[in-house]
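Owing to the predicted nature of the structure, the values given are computational and were not obtained by experimental measurement. The figures here come from the full heavy-atom set of this structure, side chains too, leaving out hydrogens, waters and symmetry mates.
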Amino acid sequence: MSDDKTRIQTIDSDTKSLLETVSDAEVSSRISFEEFTDERVLISHDAFGKKQMKIKVLEVSDENPVLKWKFGDRVKVTKILVTIKHLTTQQVEEAEFDIESVERELAEKRHYTSTNRWIPVEDIKNGYVVGSKHTRLISDASALDYIVF
């Protein structure tokens, strides 16, 4: 019986020593559940499933959104970094786009533009745009064949 009692005491002391080794910095650096973003949400795929795309926001405009009460908090994205990964070859391509200048170029050449650069704030996670909003940002660059996706 005393053997079991000493074994439990050693387990308790080992557990306490393990818990004490975790520093306060490590605990405060952990991400809360609300801050966690699944990587799959940030990636979009092409129609054939051979490419993946991720878009990072590099610069936003300081312009105030119109009808904030109707559409919510949004930001106007001006520069993005597009990363495309070819799944068959594992090759990665990156390109920086100034969406504003691409929009102007398309308006000059083709007399239309389809870019909607206003993105809801909640659709930007850790500096990356959620995959469902990718076509809004790259439609003009795709029309000018800057991006083939």
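- In this structure, the separation between CD on Glu108 and NE2 on His111 is 9.5 Å, given to the nearest 0.5 Å.
- Note on residues 41-56: pairs passing salt bridge (charged side-chain N to carboxylate O under 4.0 Å, His left out), not counting sequence neighbours, are Glu39-Lys54.
- The only option from Val60, Asp98, Ile99 that meets the side chain to side chain contact (heavy atoms under 4.5 Å, CB included) definition with Lys79 turns out to be Asp98.
- Residues forming a side-chain contact (heavy atoms from CB on, under 4.5 Å) with Thr135 (at least two apart in sequence, or on another chain): none.
- Placement of Leu81 and Ile84 in two distinct hydrophobic clusters is found when ILVMFWY residues are connected by side-chain heavy-atom separations under 4.5 Å, directly or transitively.
- Heavy-atom minimum distance, Gly131 versus Ser44: O-CB, 3.9 Å.
- Hydrophobic clustering (side-chain heavy atoms under 4.5 Å, transitive across Ile, Leu, Val, Met, Phe, Trp, Tyr) groups Val102 together with Val57.
- For residues 109-118, the set of pairs meeting the salt bridge (charged side-chain N to carboxylate O under 4.0 Å, His left out) definition, not counting sequence neighbours, comprises Glu103-Arg117, Glu105-Lys109.
- Scanning for side-chain contact (heavy atoms from CB on, under 4.5 Å) contacts around Thr89 gives His86, Gln91, with sequence neighbours left out.
- Once rounded to the nearest 0.5 Å, the distance linking CD1 of Ile80 with CD1 of Ile55 reads 4.5 Å.
- A search for side chain to side chain donor-acceptor pair (under 3.5 Å) contacts involving Lys85 returns Gln90, not counting sequence neighbours.
- Hydrophobic clustering places Leu144 together with Met53 (ILVMFWY residues linked when any side-chain heavy atoms are closer than 4.5 Å, directly or through intermediates).
- The two atoms that bring Val82 and Phe97 nearest to each other are CG2-CD1, 3.8 Å, heavy atoms only.
- Clustering of Ile, Leu, Val, Met, Phe, Trp and Tyr side chains at separations under 4.5 Å leaves Phe48 isolated, with no partner residue.
- The side-chain contact (heavy atoms from CB on, under 4.5 Å) search around Arg104 returns Glu100, Ser101, not counting sequence neighbours.
- Under a hydrophobic-cluster definition in which Ile, Leu, Val, Met, Phe, Trp and Tyr are linked whenever side-chain heavy atoms come within less than 4.5 Å, directly or via other members, Val148 and Ile43 are assigned to different clusters.
- Of the possible polar contacts, one joining the Thr78 side chain to the Glu59 backbone as a donor-acceptor pair under 3.5 Å is found.
- Side-chain atoms of Asn126 do not come within 3.5 Å of backbone N or O of Tyr128 as any donor-acceptor pair.
- No continuous path of ILVMFWY side-chain contacts below 4.5 Å connects Ile124 to Trp118, so the two sit in separate hydrophobic clusters.
- Take Asp123 and apply the side-chain contact (heavy atoms from CB on, under 4.5 Å) test, not counting sequence neighbours, and it matches Ile119, Pro120, Val130, Lys133.
- Applying the salt bridge (charged side-chain N to carboxylate O under 4.0 Å, His left out) test to residues at least two apart or on different chains, none of the pairs has a partner in residues 134-149.
- Residues His134 and Leu42 come closest through the heavy atom pair CE1-O, 3.3 Å.
- Shown here are the side chain to side chain donor-acceptor pair (under 3.5 Å) partners of Thr83, two or more places apart in sequence or in another chain: Glu94.
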